[in-house]
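Quick caveat, the model's predicted, so the values are computed rather than measured. Both backbone and side-chain heavy atoms feed into the values below; hydrogens, waters and symmetry mates do not.
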Amino acid sequence: MVNAQDIKEHMEVCGSDGEHVGTIDCTKDDQIILTKSDSRSGGEHHVIPLAWVSSVDEKVRLNKPAKDAIAGWHGAG
């Protein structure tokens with residue numbers, strides 16, 4: 001299981017295909033909030049579940065391709 005404490009602000013998030021999904025703003029509970037300043041964000045914060053994370057090294061790597069992650073993320077309110 002991935003430890004949320006390993007996920008740091010400004011880390012890149014990549015899909016299982018290696019494609020860029022976003023940039024970490026922060027984590028909250030079991031969610032990752034992506035920055036609204038990232039080129040993929042459309043100027044809005046987006047939220048993905050921590051359960052989508054397969055590993056953390058220099059990047060946060062998801063267990064699904066970038067297009068699926070982007071299709072499934074939701075706004076931060």
Side-chain angles (χ1 to χ4, degrees):
M1 181 171 190
V2 173
N3 186 344
Q5 294 176 345
D6 293 337
I7 299 172
K8 306 295 183 204
E9 186 177 338
H10 302 299
M11 290 180 86
E12 181 180 5
V13 179
C14 294
S16 59
D17 53 2
E19 293 294 316
H20 179 79
V21 171
T23 304
I24 301 291
D25 187 17
C26 63
T27 59
K28 184 176 180 182
D29 302 321
D30 61 347
Q31 298 179 326
I32 295 171
I33 301 168
L34 302 176
T35 63
K36 64 181 181 179
S37 60
D38 189 89
S39 61
R40 277 257 163 115
S41 72
E44 296 180 31
H45 287 287
H46 294 283
V47 179
I48 58 175
L50 189 59
W52 289 3
V53 178
S54 63
S55 65
V56 178
D57 47 40
E58 73 278 357
K59 299 179 181 183
V60 176
R61 300 180 189 277
L62 304 180
N63 60 13
K64 57 181 69 222
K67 68 178 179 70
D68 292 348
I70 291 167
W73 67 17
H74 59 86

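The heavy-atom pair separating D25 from H45 by the smallest distance is OD2-CE1, 3.0 Å. What you find for A66 and D17 is that their closest heavy atoms are N-OD1, 3.3 Å. Nearest heavy atom pair, residue W52 against residue W73, reads CH2-N, 4.0 Å. Pairing each heavy atom of I33 with each of K28, the nearest pair is CD1-CB, 4.1 Å. Closest approach of A4 to L50, counting heavy atoms only: CB-CD2, 3.8 Å. Smallest separation of non-hydrogen atoms from D38 and S41: O-OG, 2.8 Å.
Rounding to the nearest 0.5 angstrom, the gap separating the CD1 atom in I24 from the CD1 atom in I48 is 6.0 Å. E19 contributes atom CD, which lies 12.5 Å from atom CG of D68 (distance to the nearest 0.5 angstrom). One finds the NE2 atom of H10 at 10.5 Å from the SG atom of C26 (value rounded to the nearest 0.5 Å). For the atom pair T23 OG1 and K59 NZ, the distance stands at 10.5 Å (nearest 0.5 Å).
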**OP:** With side chain to side chain contact (heavy atoms under 4.5 Å, CB included) as the test, would you mind laying out the steps for L34 and R40 before giving the verdict?
**Re:** CA-CA 10 Å; L34 302 176; R40 277 257 163 115; over 6 Å; no
**OP:** Tell me, with the steps shown, if V47 and I32 meet side chain to side chain contact (heavy atoms under 4.5 Å, CB included).
**Re:** CA-CA 6 Å; V47 179; I32 295 171; over 6 Å; no
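At most 12 heavy atoms of other shown residues, nucleotides or ligands fall within 6.0 angstrom of atom CD in Q5. Counted within 6.0 Å of NZ on K36, heavy atoms from surrounding residues, nucleotides or ligands total 12 or fewer; the atom is thus considered open.
Side chain of S54 to main chain of R61: a donor-acceptor pair is present (N/O by atom type, distance under 3.5 Å, no hydrogens or angles).
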